[in-house]
Structures are given as structure tokens and as C-alpha cells.
J.: 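One structure is given below, represented as C-alpha cells, and several questions about it will come after.
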Amino acid sequence: MTVTSAGMPATGTAPSATGSAPAMPVSFQRRVIRTGLLGAVIALYLCMVGIVPIFNARPLVQGVISLGQAALFLSLFATGFVATRRVAESSSRLIADGAIAGGLSGVALSALVLVGSMVDVRAFMPNASPVLYGILTFNLGTVGFWIPMALGAVLGGLAGAVGLASPRLRRSLFVGLISLFALGLFAGLIRTPMLALPVDELARLLFASDGLTLIGAVVVLVLSVGLHHLQRTRRLDRQFAALPPSQRRRIQIPLIALAAVFVLVLPQGLGSFFAQVIAIVALYVMMGLGLNITLGLAGLLDLGFVAFFAVGAYTVGLLTSTAEFGIAQWPFWAAVPVAVIVAMVFGAFLGLPILSIRGDYLAIATMGFGEIIRILAGSDLMKPLLGGPRGIINIPKPIEVPPDSLLAGPNQIYYIALIGAALIAFVAWRLRASRLGRAWIAIREDEDVAEAIGINLIQTKILAYMLGAAFAGLGGAVFAALVGSIFASSIQLMVSINVASLIIVGGMGSIPGVIVGAIFLIGLPELFREFSEYRFLFYGIALIAMMQLRPEGLLPSRIVRREFQHGGGDEPPESSTSPLAL
Amino acid sequence: MPLLTATAVTKKFGGLTAVNNLDFEIEQGSIASLIGPNGAGKTTFFNCIAGFYQIEAGQIVFDGQPIQRLRRDQIAHLGISRTYQNIRLFANMTAMENILVGQHYHLRSSWIGAVLGTKSVREDEGRAHREARRLLRFVGLQNKGDLLASNLPYGDQRRLEVARALANKPRLLLLDEPTAGMNPAESQQMTEFIRHLRDELGTTILLIEHEMRVVMGISEKITVLHYGQKIAEGTPIQIQTDPLVIEAYLGRGSAGTAGHEATAIPALEATQGGASAGSTPASA
Amino acid sequence: MKASLIERLTEGAIATFLWLLRVAVVLVVVVGSALTIMSGRYSLEVYVGLVVSGLTLGSIYALIALGYTMVYGILRMINFAHGEIFMAGAFAGYFVVTASDKLGFLNQGPVTAMITIVVAILVAVAVATPIALLVEKIAYRPLRNAPRLVPLISAIGASFVLQYTFRGFFGPGIYSYPTVDFLDQTLPISGVIVRYVDVIVVISAFVMMTGLYLFVMRTKLGTAIRAVSEDKDTAALMGIDVNRAIVTTFGLGAAMAGAAGVLYALLFRQVFFLTGFVPGIKAFTAAVLGGIGNIPGAMLGGLFLGQVESIGPTLFLDGFNVPSPNQLKDVIAFTMLVLVLVFRPSGILGERIARSRA
């Protein structure tokens, strides 16, 4: 089964590049086997890294399929799909190719089951456990070792068959599966508020406590495929875009109002766990918007965000705590401005020396600051001041309310973070269109030219850095109030990485991008304990994939997206052709 | 009194002396050109003036003030603007924004004012936008202000870069190969435009140019560099007849060893007619 | 000149601040050292002991730093995932040493212990190198011509993927290296305590560094690497296989890091999935300290950082009566990183590349 390394790339890529080239049986076979082997590696990885066994605990469709199984099936299916993609072949051949590739991946899993039954490696590979083998063999044990093989062949063949379907059908199918997946994941989140409303019966019908019910799955599948079909035939988005601006606004305003109302009532009736989660998401949205000024506008990759977060949190802790280390017992609202200003001053002092350093070095230097502050916060040196590992406790809530009030618990933090986010977004928006904002973008685009145009680099960068620091301080202050205490262990590099990643994944310089990034990167791991162990694995994969597929982010800012749409620039610019038409 | 005086400027890269002991002057309100074969040190000299390079020896005085130790932004503040051989616009900004950012130094609004949207900031921004629209019109891009710089056609990008440089209200404008990559009609247009700039705004202009038709057509003074040294200086007529220049371009005895030199010959010859043809619009 | 008073004042303030910073650092170092020495709290033996452990630690940093510096030299990118390659080496070494221990081979005597260590290093190299090449192929190669921050972000992503892959595979627990009796014995020198582990770590590190240096300076492939570091395009024109040179560089760096992982684990006797992070950043500091892109510089930087980290807390901070100064050894290392970047971005031996302009 070895392939000569010299001939491999050429023959392997030729068919996919030409598409309908005359049949080359040998290279097809190679391509199928290569994909199958790659699929085997990926399937084994999914099992051994723990995604299959650990995610098995969460059902996607109650009693039918778990998340872990879904991941496994998906990898086998994808193997078959990739092996037969863009190959013009007879239908039986496509199915056979898919089955071979998928089956090959399955063989590796079967081998895993067999080896696993003979050697116990659980001492150092905790995931190579009977639980995993049970999932792979549908609880048949070693006797069922053939099951993964068969499963791989079936799923791979199915994938080959899907390749035969019309693109339209295929797309509908994918939309259906994705909706199923998404709703299965968020079932709990949707179900909880529904139970509190008069639609509780419907909620019980569609959603289990985790995942969808079988009926729910069918309903979701039918609805999503139907809606997708409707959208494709009616072209609602194009109809909308074709409307004159005044009418478009007439549709947009109620939609925006609806979204605003939704955001405002979101935490009500969700229960304390979900309220806590969305408060954290809102907090990260706020901090993301703050760092977005530094990173998105001025292009400074600051990995030391946590330093200013810590400054803000400890300032609020010291000023408001009624316990041991508190020095003033101020109300939260008096302490916040001080925290922001102190963080800003720190930003100036730390930023001044390093801002002449080139971009990638700056990232490492700021990370160094983050680590310095983290170590200092937990050290014996600062212990008499900051409490060391024991931290500062008894930080009062910003608003004292009875426990059944609308603003109780994390809810008030959610609203405070929303206000903070709105404030930061406003500042960013105003600055974006100002002399300073343009100078930031110019520096991001080309530092040398920006300076030659008359922009003082250090002064312009330091402002971006200080504003980022100020908003990080605000984030820390709100965090301290959310938790009610601040410990050295809360000051982690992770905070910096979270904030930077959510901006990069969401889309640099874009406010919706930050929100989407926070929901995906912060909300999901907070929502699912299983995820939280794998949070950084997914971050890592997301960052790598993002840099290659969409370096501008999921929802890039208007201006960046515009560039990607106009792309080659070979189309005549709109404004030069349209004046006559209008 | 000359607007810019360079005295004995030397710039080395390792063992290579890119600009060697160069003396250079440009008179207020004039158009001068730097020419010379590739690698003669023309762009290096530009970079020395604009503060991109620190010079090893010599002095550059602009309007009575030595500038060789200043940062790029300080030099820009004094009134020196430049364009680049390979266009360096801010690709993700619109044409309008490129010009607005070019006015950076002349706007005075503080960031706090910008956040609060104070009256003075709004007025400042209004002035800036009016000025930017005027400049767009001036370079013939009136309808293209909202396009991203990277989506403009090549010639428009060159003109936008000039407009961005002009936004700084320069007294000395350094143009690095303004007609590179243009067809004859376009470069004729650019030539007119440069002359128009000087006549209209009184800007002193120094350009690097390979296209001899352009150089001979608009320059009042031409300086020829070769291996970082000045080998000739004078009016277009003087330069065309200078034996050292002809030798530098043609090579001693051999008919051009490198491809570039071979192509330079017809360009130099073409200027014989081009110089007189080019000068007609100026007198008109 | 129109420059406003505020701008000029800011400029003055910045310059003053930078000077004050220098003065403050020098003051802390000088006064702290003087106070510590005058207090007479520590005998000469203590200091010698610190120097020895600094040398051991420093030679490990130097080994890791080589990978950063070579990759930076050839691709101008910070290979943020390099610390994880080091961690992978430490893990691989763990399995070899443990297996040897289980088989009762490890503690038969110095010879079996040495054989085990050599095998562990070889296995670590064999594991670390393909991982690094895979990372290069998946996360870096497609981004070779992208703006600088793009490969850095991808590298941070690769670092997470590796950390949490190891966490997924081997669990979050800390694995303890088995005791190697021979390593804990001390050299028969009176007055100073030098353990065999120190000697072995330092000697192995120096052997490998010399080997690498000779490879880069003397072999054809090494020359190709140097040529590509100088100028990729010209090297390609001269018929050098640029890709091969880059891949070899990654491989060499990874081999050094893998070996360093084993040495580090022999010294600290434990490994877990985050083992690579802090030594990675410190080795990067060492590379910057020595002048990034410069191979002897990385070695020198590593040794220097080892000394500062080992002696620094005691010498600089103890005199000020700072409680538990050893908690702050990482602070000293990171402060040094920032100071070097700010005041001497060229490092001890390197050229000026960290600053945006010359």
C-alpha cells in the first residue's frame, strides 16, 4: 500500500485539478487509499484525544445518537466524501470508492478495538478504555470488532452516493444536518425558557433535557430543509436587497428593535447557570470590543490584555472590598472610573517602552507583561497588599437588589457589560471616523508610509494601547463584581488568549464579529463542560484554519469585506457606471 | 535661496556605497529630475531626504533647517511629501480616506473631542472632507472617493498617491517614477498634471523618472547619477549632449551590456524631438 | 515649526521615562546585589551552587533557543509552537525511561542509566522531529508569504493544538520521571555540590550544539540553510532547494528541542502537557538576548539567561528583603525579555531586526 513519494503529489492532484479528465484508474485508486489512510489517522485521533468517548455523554438526539458518535460518523462520512469528490465516475464506482476509503478508516478503528482488548494502556492513555471500545462496537465488545469496518464502508459508500445527488439536494441535506447539529447542541438553552412560557408542552415534545427528541429531530430536519428550499426558490435575500432603501429600512428597523428586545430580555427566566454564562459572554464581548481598538484598528497584537484586566480587577477589589484587604469600601460605581484610569496609566507606562518594537515581537513582549503581572499578583511580595492566592473577597455587587429582582445575581452584570459594550462600541465607532482612527488604520496597513505622511507612530500607538488597557481595566472591574472576589488564580494568560482569539476568529475591526466570536469561543465552552476541556484544542484548530481560509475573520468589518468582495478589481467600479442609470 | 540643499551626502549599505558624496540643490518653485541607470542611487537619495534612511555623512538642509537627523513624521511636518516607486497606498482604506489620512498633520481634533463629537471636531472634519473632495477633483478621481484604493485602476492609484502626498500641503514633492507602467498617452497626461501642480500650487517638484520623454519635457534641471555619484547636471539640452551621460547610458564602446541600457538608447534619442514637442504646452 | 507644545512635551516625557527605566533597572541590580552581598547571608558555596544550576538550566535553554533562532533566521517568524515540540520530546523520553525502569534495567548501574538516557534522547528526537515537520507543513507552509502576524497567530494555534492533543491523549495529570539513582549522586569534589545530572545535561547539550554548529557551517545542506537565511530569492536562483532548507531547519530545531525535553525532564523529573510553555518563552527570550537569527548568539543567550534566572532572585532581590524571591525568577526572565527588546533589540551578537527601522 506504499506509494512512491516522488510520484504521489503529481498523480494525486491531477484528477482533482482537471475534474473531468479521462479516467486514470491507478491514480484514482491511490487517491482513494490515501484519503482512506488520512481518514484513519483522523478517526484514531478523534478517539484517542477523547472527543469520541467524552462527547458520548451528551446526546444529540435522545436515545439515537450522541455527540461523540456523531463526530465519529462525520469523520468516516467525510473520508468517503473527500475520496470521491470532484471525480467523474460511474455511480457504482463512486459508491465503491467511498466505501473503500471509509472502510479503510474503519479498519484502523477495528484494529484499535482488537489491540485494546489485548493490551491495557489506560495507565497513560486514559481514553483507550472499554468505554471507547463500547462506543466503537455498539457495546458488543471484542466480538464486534468488525463493526467499525462495516460502519466505515457503509458511511463512506453513502458519502459516495451523496456525491451523485444534485448539488441542490446535497446543499439542502447539509443545511438540514447542520441545523440538527446546532439545535441538538443548544437544546437545553432553548428548552429552559420555553418551559417557563405557555409553550412548555412543545418544548417537552421537541427537546430532551440534553439534545433533541426523535420527534424534534424529524421536525428540525423537515423545517430546515423546507426553509432552505423556500429561500432558494424565492431568493428572499435578493428580494430584500432589491428593495429601495426606504422600504428596506422599514423592514430593518422592526428587526433591529426585535433583536434589541431579545438581547434585553435574554437573561430573564434562563436560570442562574445560563444567566452566569451569558453574563460572561457579555463581559467578553465588552473586552473584545476594547481590544478590538488595539488589535482591529491599530493592528497591535496585544497578548498582555490580562495585565490591565488584573489592574482593573484589583483596583476595584481594593477600593470596594469590605473584607481584609479593602482600603476604602467605596461603592462599585465610584471605583470603576478609578480602575479604568489606573489601567490606562499602566497601559501608558508599559506601552511607552515597547511600542517601537515590531509587531510580532510586540505580541511576545506584551505576553511577558501579562505573565509578570500574573506572577506578581500571586507572589509573597504583593501578598500584604493583594492577598496573594487567598485574594480579595467580599466585593459588593454594583446594585444591591432583592434576590428575586430582575437585576439579581449575574443579570445585573450582564446589563452592566452590555452598557459597557455599547459604550466601547460607540467610542470605537466615533474614533474610527476621526483623525486618530484613520491614523491607526494607516499604521496597521503600512507603518512606514504612515510615518512618512506625518503620523507620529509612538504617540498614535500609545493612544490605541492606552484605550485598550482602559477597557481591559473596565473588563477586570466588572469581572471582580461578577465573581465578588478576585484571586491571583483568576489572572491567567488564558484571558488574553480568549480575548485575542475571539477577535481574530470573529473578524478584526468588526463589532458583530466580536459578538459572534464571543458566543462561539466563550459561550460554547462555558455552556458545555465537555467542551471546556477541549476549548483550547478547538481554539487552536480555529486559529490555524482561520489564518488559511479566512484571515479576515468570520464577520469582517465592512471595509475589509468590501475588499474581499471586489476581489480582483476587474469588474468596473459601481459608481463609474451607475450615475447614468440613476 | 534653494529650498533644499544636500551637501556631501553619503549612504552605504554594508560595503556598497549607494550614494557617494552627493551635492544637490533644488530651487524654490522649480521642477527637477534625477535620472540614471538602475541602481544609480536615485531612490536611495529620495529615502535619505524623506528620512527613511539615516545618512552616514553629509548634510541635508530644507528651508534653512538640517533634516538628516529628523524622523519621517517630522520631515513630513516641515512640508516634504513623497510617492513611491511601487505604489504604497493604504489598500484597505477608500480613496477618500487615503487623502483624509494624508491631511493628518493639518487636522487638530483631539481624540476626546472626536468621541464627544464636539463642534470644533465636526468643523475640522467638514473642512477635511471638503479639502479631500477638492483634491480628488484635482487629480480627476471625483466619482471614485468611496472605492477602496486597491480597487482603483493602476493610473488612478498613481494619481491618488499624488493626491495623498498633496494633502500634506507639501512645499517639496518627491515623485518616484510617476509614469512607471503607463502607456504614452497616460504618461503624457501625468506630465501635464505635474506641470499643472507646480503652476497651480507653486509646489517644488523633484522626480525620479526613466521615461526620457517626460524628463526632458518638464524638467528645468536634470541631475544624472551613476553608481551613487553625480556625473552631470544641467538643462535638458545640456544633459542630452553631455558625453559622460551618453557613456553612462551606452557604456564605453560596447552597445549596452545589460538589457536596460539597451532600451535606454531609443528613449534618449526620442527626446531630441520630444523635448521641443513637450515644451510647447508650457509656453502656451 | 507647527508641532504643538503638547506633542513636544509628550516626546520629552517619553525620552525621560525611558531613561528613568534604565536607571531604575541598573539601581535595582546594583543596589540589590550590594545589599545581598553585604548582608553575608549566603556563603560562596551557595553562589557556586547557583552558578552550576544556572549553567545546567542555561544549556537547556540554549538548546531550545537554537530552534527559535534558526527558524527565525530562515523564515522571519516566531515559531510559537516550539515549546510544545520540546514538551513532546519530554513525553517521549518519559516512556523510554519508565519502560527501562519497569524492566529493571535503569538502575543497574551508571552504564545502563546512560544507555537509557541516550536511547530516550534518540527516541525523543525521533518523535519531536516529525511533529515539528507536520506543524510546519500544516500551519506554516501555506502562510509563508502572509503578513507577519498571520503566521504568528497560526503558530499560537498550533501550540494549543499540540498542548491539548497531548492532554487528550495522556490526560491532564503530571507524569513523574522515575528516579535515576546515578544522576543524583554528586561529583567527588569538595566544597561544591555538583550532581551527575548537571554534568550530563551540560555535556550532552554542548555535544549537540557543537554538532549542530558544525552541520550548519561545514555541510552542503548547512550552507544552503545559511544561504536561504541571507536571501531566499537569490538562494533559489542559485539552484538551492529552498523548501528543503526550510524543512531541514525545522527538523534540526525540533531535534534539539526534543533532546532538550529529555534533559529538562531528567533535571526536574516531571512532565505534563503544559511543560513546554514557560521554557519555550524563556528560550525565545534567550534567542532574542543572543541576537535572533544568530546560532552562537542563541547558545550564549541561553547560558546568560540561565545564570540570571538562577542567581538573579537571590542576588538582586534578597538584599531588598523581598519575601520568597524565587517566586519571582520568571518575572526576572520576562523583564529581561522586555528590556532586551526595548534597549538592545539586536541582542548580544545579532543584527537589528526587532525594531521596525534601523
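Just so it is clear: chains get the letters A, B, ... in the order the sequence lines come, proteins before strands, and each one is counted from 1. Everything quoted here is computed from the prediction, not taken from an experiment.
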J.: So for F538(A), is it side chain, backbone, both, or neither that comes closer than 4.5 Å to the heavy atoms of chain C?
T.: neither
J.: Between L493(A) and chain C, which part of the residue has a heavy atom less than 4.5 Å away: side chain, backbone, both or neither?
T.: side chain
J.: For chain A, find which of L339(C), T98(C), T335(C) contributes the most heavy-atom pairs closer than 4.5 angstrom.
T.: T335(C)
J.: Any side-chain heavy atom of R141(C) sitting closer than 4.5 Å to one from N243(C)?
T.: yes
J.: Can you tell me which of V121(A), L543(A), I372(A), I373(A) forms the most heavy-atom pairs within a distance under 4.5 Å of chain C?
T.: I372(A)
J.: Check for me whether the distance between the ring centres of Y164(C) and F273(C) falls short of 6.0 Å.
T.: yes
J.: Ring centres of F170(C) and F91(C) under 6.0 Å apart?
T.: yes
J.: Write out, in numerical order, the residues from residues 41-51 of chain A with a heavy atom short of 4.5 Å from a heavy atom in chain C.
T.: Y45(A), M48(A), V49(A)
J.: Is Q548(A) in contact with chain C via its backbone, its side chain, both, or neither, using a 4.5 Å heavy-atom distance?
T.: both
J.: I'd like to check Y465(A) versus D302(A) (side-chain heavy atoms, cut-off strictly below 4.5 Å). Are they in contact?
T.: yes
J.: Non-hydrogen atoms of chain A under 4.5 Å away: do they reach the side chain of Y94(C), the backbone, both or neither?
T.: neither
J.: Please classify the contact between F166(C) and chain A as side chain, backbone, both or neither, with a heavy-atom cut-off of under 4.5 Å.
T.: neither
J.: Does a salt bridge link E371(A) with K282(C), judged by any charged N lying under 4.0 Å from a carboxylate O?
T.: no
J.: Chain C: which of I497(A), I458(A), N456(A) shares the most heavy-atom pairs with it under 4.5 Å?
T.: I497(A)
J.: Quick one: what part of V331(C) sits under 4.5 Å from any heavy atom of chain A, side chain, backbone, both or neither?
T.: both
J.: Does any backbone or side-chain atom of F17(C) lie under 4.5 Å from a heavy atom of chain A? Answer side chain, backbone, both or neither.
T.: side chain
J.: Could you tell me which of L18(C), L21(C), I78(C) has the largest number of non-hydrogen atom pairs under 4.5 Å with chain A?
T.: I78(C)
J.: May I ask you to test the T285(C)-V340(C) pair for a side-chain heavy-atom distance under 4.5 Å?
T.: no
J.: In terms of heavy-atom contacts, does CZ of R144(C) have more than 12 from other residues, nucleotides or ligands at under 6.0 Å?
T.: yes
J.: Quick check on A363(A) against chain C: is it the side chain, the backbone, both or neither that has a heavy atom closer than 4.5 Å?
T.: side chain
J.: If we define contacts as heavy-atom pairs under 4.5 Å, which of L143(C), I332(C), L337(C) has the most with chain A?
T.: L143(C)
J.: If we ignore angles and hydrogens, is there a donor and acceptor under 3.5 Å between the side chains of Y539(A) and N498(A)?
T.: yes
J.: Please tell me if the side chains of L355(A) and L300(A) come closer than 4.5 Å, counting only heavy atoms from C-beta onward.
T.: yes
J.: Can you check whether T366(A) reaches F305(A) side chain to side chain, under 4.5 Å on heavy atoms?
T.: no
J.: Is it the backbone or the side chain of I153(C) that comes under 4.5 Å from a heavy atom of chain A, or both, or neither?
T.: both
J.: Where on L362(A) is there a heavy atom nearer than 4.5 Å to chain C: the side chain, the backbone, both, or neither?
T.: neither
J.: Do F169(C) and N127(A) have side chains that get closer than 4.5 Å, going by heavy atoms?
T.: no
J.: Distance from T69(C) atom OG1 to F284(C) atom CZ, nearest 0.5 Å?
T.: 9.0 Å
J.: Can you tell me how far the CD1 atom of I443(A) sits from the CG atom of D448(A), to the nearest 0.5 Å?
T.: 11.0 Å
